[in-house]
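Quick one: structure below, then a few questions.
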Amino acid sequence: MLWFFCDDKNFRQDQAHNRQNHRWIAMSAKDVPRVMKTKFPAMVMVFGVISSDGDVMPPHIYETGLRVNTEIYLLVMETVVLPWMVQMTRDRPCVWQQDSAPCRVSNRSLAWLEEHCYDLVTKHQWPPRSPDLNPMDYFSWCLLENQTNRYPYTTKASIIASIKEHCTSVDREIVKKACGSFRTRIERVIEAEGSYVE
């Protein structure tokens, strides 16, 4: 059975920097690289989908300031995601996994998904706030953010270009392996009685 995992994420123009995790051993302060901050950094909201076969959908970039409601979500599903899924499934049955964002669990969205997907993980089957379970959260976004944060960006267009470039260069086998740990992670969360496992 082929699985599709989806999620969205906001990327910032500035490099992500965590002072707790980034420590430097240096002889003087000038040897420590500076992470520059923009006063009003551009934000890019990205919708991504990966498959358990290791396929990565080209990222869908939402318009700036767009609030994703049911209409927008279904438009993206109809015009971007579904054509890509049909190409990837080659008439095989598939399961669609998504989070419980209101636009995704509305009656219209669920009816559309039931019509176009062989099977669907419903909001009653999927725990809320579960970054330990979705390969988009525990793998894809981490990998992409790590790659895009290597360099500072001066424009929104430059970060979008970087996101698209890095999405197309991800190794299928690595994605497939990350998706393969999905069941094991579910079992670990059940053993931990719903707590985080990392």
Side-chain angles (χ1 to χ4, degrees), residues 1-13 16 41-145 148 156-157 159-168 170 175 178-179 182 185-186 189:
M1 179 77 65
L2 182 63
W3 279 72
F4 289 101
F5 301 93
C6 75
D7 197 25
D8 40 37
K9 179 165 180 58
N10 288 316
F11 287 85
R12 297 173 63 95
Q13 176 183 345
M43 297 287 286
V44 177
M45 187 173 181
V46 180
F47 182 72
V49 181
I50 59 174
S51 80
S52 57
D53 275 355
D55 302 302
V56 179
M57 183 184 86
H60 176 74
I61 311 294
Y62 289 110
E63 294 176 24
T64 303
L66 183 68
R67 182 171 167 81
V68 180
N69 57 23
T70 299
E71 288 75 26
I72 300 295
Y73 177 65
L74 289 177
L75 180 66
V76 170
M77 291 297 293
E78 189 78 41
T79 60
V80 178
V81 179
L82 184 61
W84 179 79
M85 281 178 62
V86 167
Q87 189 178 14
M88 296 301 115
T89 59
R90 297 181 280 292
D91 294 327
R92 291 181 291 168
C94 65
V95 178
W96 178 257
Q97 185 283 322
Q98 62 183 4
D99 61 20
S100 297
C103 65
R104 296 191 181 117
V105 295
S106 69
N107 292 336
R108 283 184 51 214
S109 293
L110 292 176
W112 187 92
L113 288 166
E114 286 174 6
E115 180 183 337
H116 292 89
C117 295
Y118 177 81
D119 200 2
L120 168 68
V121 178
T122 67
K123 66 180 180 178
H124 304 294
Q125 297 168 316
W126 192 259
R129 297 174 295 282
S130 55
D132 288 338
L133 300 179
N134 187 341
M136 289 297 297
D137 285 320
Y138 69 76
F139 171 74
S140 292
W141 293 141
C142 295
L143 178 67
L144 187 57
E145 193 170 49
T148 59
K156 182 178 173 180
I159 191 168
I160 290 172
S162 178
I163 290 167
K164 288 180 177 181
E165 174 190 338
H166 289 297
C167 277
T168 58
V170 176
V175 176
C179 291
F182 169 65
R185 294 177 78 88
I186 289 175
V189 168

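We use all heavy atoms of the structure for the numbers below, so side chains are in, but hydrogens, waters and symmetry mates are not.
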Q: With sequence neighbours excluded, tell me which residues meet side-chain hydrogen bond (donor to acceptor under 3.5 Å, both in side chains) with Trp96.
A: Gln98

Q: Applying side chain to side chain contact (heavy atoms under 4.5 Å, CB included), name anything that partners Glu71, two or more places apart in sequence or on another chain.
A: Asn69, Arg108

Q.
If the condition is side chain to side chain contact (heavy atoms under 4.5 Å, CB included), which residues does Glu115 pass it with, not counting sequence neighbours?
A. none

Q: Only counting residues at least two apart or in another chain, list the ones meeting salt bridge (charged side-chain N to carboxylate O under 4.0 Å, His left out) with Asp7.
A: none

Q) Take atom CZ in Arg92; do more than 12 heavy atoms of anything else shown fall under 6.0 Å from it? A) yes

Q. Should the pair Asp8-Arg104 be classified as a salt bridge under the 4.0 Å nitrogen-to-oxygen rule?
A. yes

Q) When rounded to the nearest 0.5 angstrom, what distance separates OG1 in Thr168 from CD1 in Ile163? A) 12.0 Å

Q) Does Pro83 have any side chain to side chain contact (heavy atoms under 4.5 Å, CB included) partners at least two apart in sequence or in another chain, and if so, which? A) none

(Q) Tell me whether the count of non-hydrogen atoms from other residues, nucleotides or ligands lying under 6.0 Å of CG in Asn107 goes above 12. (A) no

Q: Please report the shortest heavy-atom distance between Val105 and Leu110, naming the atom on each side.
A: O-CD1, 3.5 Å

Q: Please list, chain by chain and in numerical order, all residues satisfying side-chain hydrogen bond (donor to acceptor under 3.5 Å, both in side chains) with Ser52, sequence neighbours excluded.
A: none

Q: Applying side-chain hydrogen bond (donor to acceptor under 3.5 Å, both in side chains), name anything that partners Glu63, two or more places apart in sequence or on another chain.
A: none

Q. Given side chains that start at C-beta, do those of Leu133 and Val189 come closer than 4.5 Å, heavy atoms only?
A. yes

Q.
Using side-chain heavy atoms (C-beta onward) and a distance below 4.5 Å, is Asp99 in contact with Asn134?
A. no

Q) Going from CZ on Phe47 to NZ on Lys9, what distance comes out if it is rounded to the nearest 0.5 angstrom? A) 15.0 Å

**Q.** Contacts of type side-chain hydrogen bond (donor to acceptor under 3.5 Å, both in side chains), residue Glu114, not counting sequence neighbours
**A.** none

Q) Is the backbone N or O of Arg185 less than 3.5 Å from a side-chain atom of Tyr138, with the two atoms forming a donor-acceptor pair by type? A) no

Q: State, yes or no, whether a side-chain contact exists between Glu78 and Leu75 at a heavy-atom distance under 4.5 Å.
A: no

Q) Do Ile61 and Met45 come within less than 4.5 Å of each other through their side chains, counting heavy atoms only? A) no

(Q) Which heavy atom of Cys167 sits nearest to which heavy atom of Val56, and what is that distance? (A) O-CG1, 3.9 Å

Q) ring pair (Phe, Tyr, Trp, His ring centres under 6.0 Å) with Phe139: which residues, sequence neighbours excluded? A) none

Q: Could you list the residues that satisfy ring pair (Phe, Tyr, Trp, His ring centres under 6.0 Å) with His60, not counting sequence neighbours?
A: Tyr62

Q) Quick one: side chain to side chain contact (heavy atoms under 4.5 Å, CB included) partners of Asp55, sequence neighbours excluded? A) Ser51, Asp53, Trp84, Met88, Arg172

